[in-house]
Amino acid sequence: MIKVTLHNGTVREYPAGITVLEILAECAGRLKKEALAALVNGTVCDLAKSLTEDAEVHFLTFDDEAGRDVYRHSSSHILAAAVKRLFPETKLGIGPAIKDGFYYDFDRPDSFTPDDLDKIAAEMRQIIKEDLPFERFELEREEALAYFDKLGEVYKVELIRDLPQDAVISCYRCGDFVDLCAGPHLPSTGKVKAFALLSLAGAYWRGSEKNPMLQRIYGTSFPKQSMLDKYLAHLEEAKKRDHRKLGRELDLFSIQDEGPGFPFLHPKGTIIRNELEAFWREEHRKAGYDEIKTPIILNRELWERSGHWEHYKDNMYFTKIDDLDYAVKPMNCPGAMLIYKTKMHSYRDFPIRLAELGLVHRHELSGTLHGMMRVRAFTQDDAHIFMLPSQIKEEVKNVIALTDKIYNVFGFDYHLELSTKPEKAMGSEEMWDMATGILREVLEERGLPYVINEGDGAFYGPKIDFHLQDSLGRTWQCGTIQLDFQMPEKFDLTYIGEDGQKHRPAVVHRVIYGSLERFMAVLIEHFAGAFPVWLAPVQAVVLPISEKHYEYARQVLEKLQNAGIRAEADLRNEKIGYKIREAQVQKIPYMLVAGDKEIESKTVSVRHRSAGDLGTFDLDSFLIRVREEIVNKV
RNA sequence: GCCGGCAUAGCUCAAUGGGUAGAGCAGCUGAAUCGUAAUCAGCGGGUUGGGGGUUCAAGUCCUCUUGCCGGCUCCA
């Protein structure tokens, strides 16, 4: 007999060899129906797992991340099984669960078409209907190699070869379909209730551009149709908020064939941009930063000195001036270093915080361009902080606090990642260890949760990245804090210490918005174009009922504009409903309706884009309300 | 850059198996002077992304090219 401790703490005795499924059968309630897999002594297992010794068993449902992964992973096997039935010559890649679904990579001479996707989905429904069990079996290494080699599954063979010698090689059978797979899986295909195949895309085998490109089919699945519907509606909502669509509809920016990756900001987009910059300048002034501007084009020698020529050349644009090589800056740091070097510095001056809204150009691969999220020219809200090594922690903490303050104004949640030394890096191992250690200590002292992003640091130093989460739960990397001991060396930066000797300062590079272009794109999607009043390109629009109210509308407009409100008046010969619709579509926060009644009482009827009719206001009290919203950035 | 798809009026989309480009919205003109998400009527607007080819004939087929979209890789 063995002792099994269940999720609710109860301990029961069972004969050795009993399966988790059999234990589950004795459990009451929803669990019996909803359990997808189990956590046995902390390891995710099939429900068919048999227990041979004392164990702690937790059942996993779709509410658990691990449970969802099992569900989606099994869904991907059903996809692969369907593809193999319909296109037997297809070779299999891998098919894992991902954040909101799953994918499977396939290799076959012909491309899948959208029609094929429908056929595959139909076959998947058939497989689900057949309710085939997922059966696990294990093979010896040589057996497994021979087995998959015989099937012509070259990718599976490669995977097995790369497994450690002593690894257990497990496979899952599902009807006629057998796949190399660590598992675990659902008991049977019938467990998958609702699924959708979402898209078709190319993907390099094992993620390397040196490898062949496979065809990836993305899908998702849920235990209830209503959950799938909700997810699909969520995708629709995201599509509606797409900043590229809203950017055009709200006349904020455009990207033209004449400049791929080089966005044009229209008047309304420029207002938002300027507001973001004004807010940024104000906060940085308060936080003790000085602002600088450095040139966009600088000579080759500078970029060789900074290491960019060697480490970043592929992403840079070049030009010649009087037969000498120049480069368009991809980063702002060298310029800041040169300003630092224009004079002697004392330890008493530190920290020196030089901020720069710097326009950088980077040659990004054409296939990666995406609206204003991923462009080839963007403005970083950069700053370089020069300081004593002993001031690093304090300064990094200050940057974290400033970033937190700024993100909060927009209502963003965020999480942190610590990125460590990349393969292509400058500087010694010790320097990296020390720098990474400092960042880690800061995070830990502040009690901030973070995840490690191995090998993702800048070539000159490790970094803390801020990934902010928008109103749809998507994350975007924006802010970053990078610790750098390389540039001070390369540029021979010095300061005079207490001892009268020259010393090497430490440098932190950091951005908060990241790039103004990307940040603006994130804001557009986050607010779905309905910007808070302080950012709204048009804050209020005056809507006269008919021509005889135009004069009054003009007076109201003038008062608003004199009070510093960005206001317009809609003096077109249209009905009020039409004007309101237009203002709503443009997501203008306030609509001020002016007709006979309002002229009579010297008021305006205020309609808010989301709250609707707010009633009549005399203009002064409306102004107080709006100004307050603007000042408080609500 | 790679894989796949797409490209028709400012926008969203039509155009039988090749047979000489059409609608709604927007725009312009006019009428209606109107109370909280679209008043009515009329008008203009396109070398079908660009080059080359097949054909009596190409928006439609082939080819090259540019851009966009979905991914991969990369990244602020």
Side-chain angles (χ1 to χ4, degrees), chain A residues 103 105 107 110-114 116-117 198-218 239 242 244-245 248-249 251 254-261 312 314-315 330-332 358 360 362-382 419 456 458 463 465-467 476-480 482 509-519 521-522 543-550 573-586 591-598 605-609 612-615:
Chain A
Y103 67 77
D105 286 343
D107 189 15
D110 298 323
S111 315
F112 289 119
T113 66
D116 292 335
L117 237 46
L198 299 171
S199 65
L200 201 51
Y204 296 111
W205 167 239
R206 305 185 112 177
S208 166
E209 52 194 328
K210 293 183 188 80
N211 289 338
M213 181 151 289
L214 309 182
Q215 299 182 60
R216 177 171 296 178
I217 297 178
Y218 283 94
K239 231 187 217 172
D242 191 316
R244 294 166 298 184
K245 181 172 145 72
R248 184 178 58 239
E249 289 171 358
D251 199 11
S254 60
I255 295 177
Q256 326 241 1
D257 290 359
E258 288 79 354
Y312 212 73
D314 290 347
N315 285 294
M331 294 188 195
N332 301 303
V360 298
R362 296 183 186 175
H363 181 74
E364 303 293 348
L365 295 178
S366 60
T368 64
L369 302 178
H370 181 91
M372 287 211 298
M373 294 277 188
R374 192 75 188 278
V375 292
R376 286 176 171 159
F378 56 98
T379 305
Q380 293 185 304
D381 63 318
D382 223 333
S419 294
D456 207 39
K463 55 181 186 161
D465 293 323
F466 290 76
H467 292 252
W476 308 95
Q477 200 209 304
C478 291
T480 172
Q482 312 180 343
H509 310 237
R510 44 111 284 183
V511 291
I512 293 177
Y513 290 146
S515 97
L516 277 115
E517 288 74 6
R518 178 178 289 180
F519 197 78
V522 172
L543 308 177
I545 299 280
S546 77
E547 275 174 39
K548 60 184 180 197
H549 311 117
Y550 283 10
N573 192 359
E574 295 290 350
K575 290 167 77 169
I576 193 68
Y578 182 90
K579 295 180 184 178
I580 284 174
R581 181 185 151 76
E582 190 118 313
Q584 285 286 154
V585 168
Q586 286 296 308
M591 289 154 262
L592 309 182
V593 177
D596 288 338
K597 274 189 307 188
E598 289 75 14
S605 286
V606 178
R607 180 188 161 102
H608 185 263
R609 67 181 164 205
D613 197 345
L614 300 181

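Each chain gets a letter, A, B and so on, in the order the sequences are listed, and its residues count up from 1.
The base of rC34(B) does not come close enough to the side chain of D596(A) for any donor and acceptor atom to sit less than 3.5 Å apart. For rC72(B), its base never sits under 3.5 Å from the side chain of R216(A) at any donor and acceptor pair. Evaluation of atom-type donor-acceptor distances gives no pair under 3.5 Å for the side chain of Y204(A) against the base of rG71(B). Remark: the D381(A) side chain and the rA76(B) base include no donor-acceptor N/O pair separated by less than 3.5 Å.
Distances shown here put every side-chain N or O of Y312(A) at or beyond 4.0 Å from the OP1 or OP2 atom of rC75(B). Contact between the side-chain N/O atoms of S366(A) and the OP1/OP2 oxygens of rG1(B) is found at a separation under 4.0 Å. Put simply, R244(A) has a side-chain N or O that comes within less than 4.0 Å of OP1 or OP2 on rG70(B). Residue R607(A) places none of its side-chain N or O atoms closer than 4.0 Å to OP1 or OP2 of rG35(B). A close approach under 4.0 Å does occur between a side-chain nitrogen or oxygen of K548(A) and OP1 or OP2 of rC34(B). A sub-4.0 Å separation between OP1 or OP2 of rC74(B) and a side-chain N or O of H363(A) is absent.
When both pairing distances are held under 3.5 Å, rG44(B) makes no Watson-Crick or G-U pair with any nucleotide shown. Pairing for rC2(B) goes to rG71(B), judged as Watson-Crick or G-U wobble with the two contacts each under 3.5 Å. Remark: rA37(B) base-pairs with no nucleotide in the shown strands. Criterion, Watson-Crick or G-U wobble with two distances under 3.5 Å. Nucleotide rC61(B) forms a Watson-Crick or G-U wobble pair with rG53(B), both donor-acceptor distances falling under 3.5 Å. The partner of rA7(B), taking Watson-Crick or G-U wobble pairs whose two distances both stay under 3.5 Å, is rU66(B). The partner of rU16(B), taking Watson-Crick or G-U wobble pairs whose two distances both stay under 3.5 Å, does not exist in any strand shown.
The shortest side-chain heavy-atom distance between Q482(A) and S419(A) does not fall under the 4.5 Å cut-off. Looking at F519(A) and C478(A), their side chains come closer than 4.5 Å, going by heavy atoms from C-beta outward.
When every heavy atom of D382(A) is checked against every heavy atom of R510(A), the shortest pair comes out as OD1-O, 3.3 Å.
rU65(B) and rU39(B): their C1' atoms are spaced 48 Å apart (whole Å). Of the C1' atoms belonging to rA21(B) and rG71(B), the separation is 35 Å, rounded to the nearest Å. The separation of rC64(B) from rC28(B), taken at their C1' atoms, amounts to 41 Å, rounded to a whole angstrom. Nucleotides rC61(B) and rC56(B), compared at atom C1', are 16 Å apart to the nearest Å. Rounded to the nearest Å, the gap between the P atom of rU60(B) and that of rG49(B) is 8 Å. Distance check on atom P: rC2(B) versus rU16(B) gives 34 Å, rounded to whole Å.
Between the P atom of rC3(B) and the CD1 atom of I217(A) lies a distance of 18 Å, rounded to the nearest Å.
Closest to the side chain of H370(A), out of rA76(B), rG70(B), rC72(B), is rG70(B).
The aromatic ring of Y578(A) does not stack onto the base of rA37(B), failing the criterion of a centre distance under 5.5 Å from the six-membered base ring together with planes under 30° apart.
In this structure, a donor-acceptor pair under 3.5 Å is present between the side chains of Y218(A) and R216(A). Side chains of E598(A) and S605(A): a donor on one and an acceptor on the other come within 3.5 Å. Neither side chain, Q477(A) nor R518(A), offers a donor N or O lying under 3.5 Å from an acceptor on the other.
Of the two residues near RNA chain B, Q256(A) and E209(A), the one whose nearest nucleotide lies more 5' is Q256(A).
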